[in-house]
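I have placed the structure first, in the form of structure tokens, so that the comments after it can refer back to it.
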Amino acid sequence: MAPPAPSSRKRVNVKEEAKTDEREFFQLAPLPLSIFLIFLLILYWFVCYNVDALPLQALGPVGKVLAYLASNYLKALRLGFRFAIMVHLLEAGFAYRVCRRMMFSRLTSFKWLVQTFVVGFPSLGTLLRYRKERELRKNKSE
């Protein structure tokens with residue numbers, strides 16, 4: 001006996017599954033760069049708002065530069081830190097908007113939003129590369 005012929009229903013399900021997979025695309029930003037950027041943001045916060053908690057002398061020449069900047073240019077450092085946070089917020093909002101336009105689920109869009117807020121441009125770059133590849137695939141298939 002021959003196996004049953006595939007029905008059209010299965011083909012529709014395969015297409016729906018592919019669409020679902022596209023809606024659930026999430027990829028972590030490059031790990032070494034992410035760790036480095038998170039470390040720098042935390043260090044920047046400490047230098048701006050809690051410089052006494054850091055043993056700057058243990059950091060060698062970098063610590064001396066940071067201590068000098070914190071003692072002489074604290075207002076400018078705090079302004080720069082606030083600017084960096086605002087840029088991360090804008091990047092995260094843009095990433096969320098891109099996700100919603102690509103018809104990602106809310107959960108996936110929220111993952112991109114959080115990752116982009118924490119890491120910044122590496123996450124947004126990954127998302128924009130995926131969007132471009134997806135558009136190219138869509139144009140090729142048409």
Side-chain angles (χ1 to χ4, degrees), residues 3-142:
S7 66
S8 62
R9 181 176 252 185
K10 285 185 180 179
R11 289 182 188 155
V12 171
N13 286 342
V14 170
K15 289 179 182 177
E16 286 176 6
E17 285 178 16
K19 287 180 182 176
T20 302
D21 289 343
E22 274 191 1
R23 286 189 209 152
E24 300 299 324
F25 174 77
F26 180 74
Q27 181 179 354
L28 290 174
L31 190 61
L33 187 57
S34 299
I35 291 171
F36 181 68
L37 288 172
I38 291 169
F39 172 76
L40 283 181
L41 271 176
I42 292 171
L43 179 66
Y44 197 9
W45 179 83
F46 269 107
V47 169
C48 289
Y49 296 104
N50 203 2
V51 72
D52 296 330
L54 284 177
L56 293 177
Q57 300 79 15
L59 296 176
V62 174
K64 288 180 183 179
V65 170
L66 291 176
Y68 173 77
L69 290 173
S71 62
N72 295 318
Y73 298 101
L74 187 58
K75 192 172 184 178
L77 285 173
R78 287 183 177 173
L79 184 65
F81 182 77
R82 290 179 187 136
F83 180 74
I85 294 299
M86 286 181 59
V87 167
H88 278 244
L89 275 171
L90 290 172
E91 285 176 336
F94 181 67
Y96 186 79
R97 183 172 179 242
V98 167
C99 288
R100 297 307 294 162
R101 285 199 171 181
M102 290 192 330
M103 306 299 282
F104 285 176
S105 67
R106 287 190 189 274
L107 178 63
T108 303
S109 298
F110 184 72
K111 288 177 186 178
W112 280 107
L113 180 134
V114 170
Q115 177 176 277
T116 304
F117 177 70
V118 172
V119 178
F121 71 90
S123 173
L124 186 60
T126 302
L127 179 62
L128 294 177
R129 264 191 309 279
Y130 176 73
R131 180 178 73 171
K132 188 174 184 179
E133 290 171 5
R134 185 174 163 182
E135 287 173 358
L136 289 174
R137 278 191 312 237
K138 187 177 178 182
N139 289 340
K140 276 186 178 180
S141 67
E142 290 177 351

- Task: Assess whether side chain to side chain contact (heavy atoms under 4.5 Å, CB included) is satisfied between Asn50 and Trp45, documenting all intermediate values.
- Result: CA-CA 7 Å; Asn50 203 2; Trp45 179 83; 4.1 Å; yes
- Leu43 vs Leu54, side chain to side chain contact (heavy atoms under 4.5 Å, CB included): CA-CA, chis, key distance, verdict: CA-CA 9 Å; Leu43 179 66; Leu54 284 177; 3.7 Å; yes
- Item | Residue pair Leu128, Phe94: steps toward the side chain to side chain contact (heavy atoms under 4.5 Å, CB included) verdict | CA-CA 10 Å; Leu128 294 177; Phe94 181 67; 4.0 Å; yes
- Start with the C-alpha distance between Val62 and Val65, add both sets of side-chain angles, then the distance that settles side chain to side chain contact (heavy atoms under 4.5 Å, CB included), and finish with yes or no. CA-CA 5 Å; Val62 174; Val65 170; 5.8 Å; no
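Of all heavy-atom pairs between Phe121 and Glu91, the closest is N-OE1, 3.6 Å. Looking at every heavy atom in both residues, Val51 comes nearest to Ala70 through CG2-CB, 3.9 Å. Residues Arg100 and Arg106 approach most closely at NH1-N, 3.4 Å, considering heavy atoms. Closest approach of Leu113 to Ala92, counting heavy atoms only: O-CB, 3.5 Å. Closest approach of Thr126 and Gln27 over heavy atoms only: CG2-OE1, 3.7 Å.
If you take CG on Leu90 and OG1 on Thr116, they are separated by 12.0 Å, rounding to the nearest 0.5 Å. Note: Leu127 CG to Ser109 OG = 9.0 Å, rounded to the nearest 0.5 Å. Asp52 CG to Phe46 CZ: the interatomic distance, rounded to the nearest 0.5 Å, is 11.5 Å. To the nearest 0.5 Å, atom CD1 of residue Ile38 and atom CG of residue Leu33 are 10.0 Å apart. Here the straight-line distance linking atom CZ of Phe39 with atom CD1 of Ile35 works out to 11.5 Å at 0.5 Å rounding.
Contact of the Lys75 side chain with the Leu79 side chain is not registered, since no non-hydrogen atoms from C-beta on lie closer than 4.5 Å. Looking at Val47 and Leu69, their side chains never come closer than 4.5 Å, going by heavy atoms from C-beta outward.
Qualifying side chain to side chain contact (heavy atoms under 4.5 Å, CB included) partners for Ala29, counting only residues two or more places apart in sequence or in other chains: Ser34, Gln115, Val119, Pro122, Ser123. For Tyr44, the ring pair (Phe, Tyr, Trp, His ring centres under 6.0 Å) partners two or more places apart in sequence, or in a different chain, are Phe81.
Pairs engaging residues 109-136 under the salt bridge (charged side-chain N to carboxylate O under 4.0 Å, His left out) rule: Glu22-Arg134 [sequence neighbours left out].
Trp112 pairs with exactly one of Phe26, Tyr96, Phe117 by the ring-ring contact (aromatic ring centres under 6.0 Å, His included) rule, that one being Phe26.
Between the side chain of Ser71 and the main chain of Tyr68, a donor-acceptor pair closer than 3.5 Å is present.
For Tyr73, the OH atom is loosely surrounded, since the number of other residues' heavy atoms within 6.0 Å does not exceed 12.
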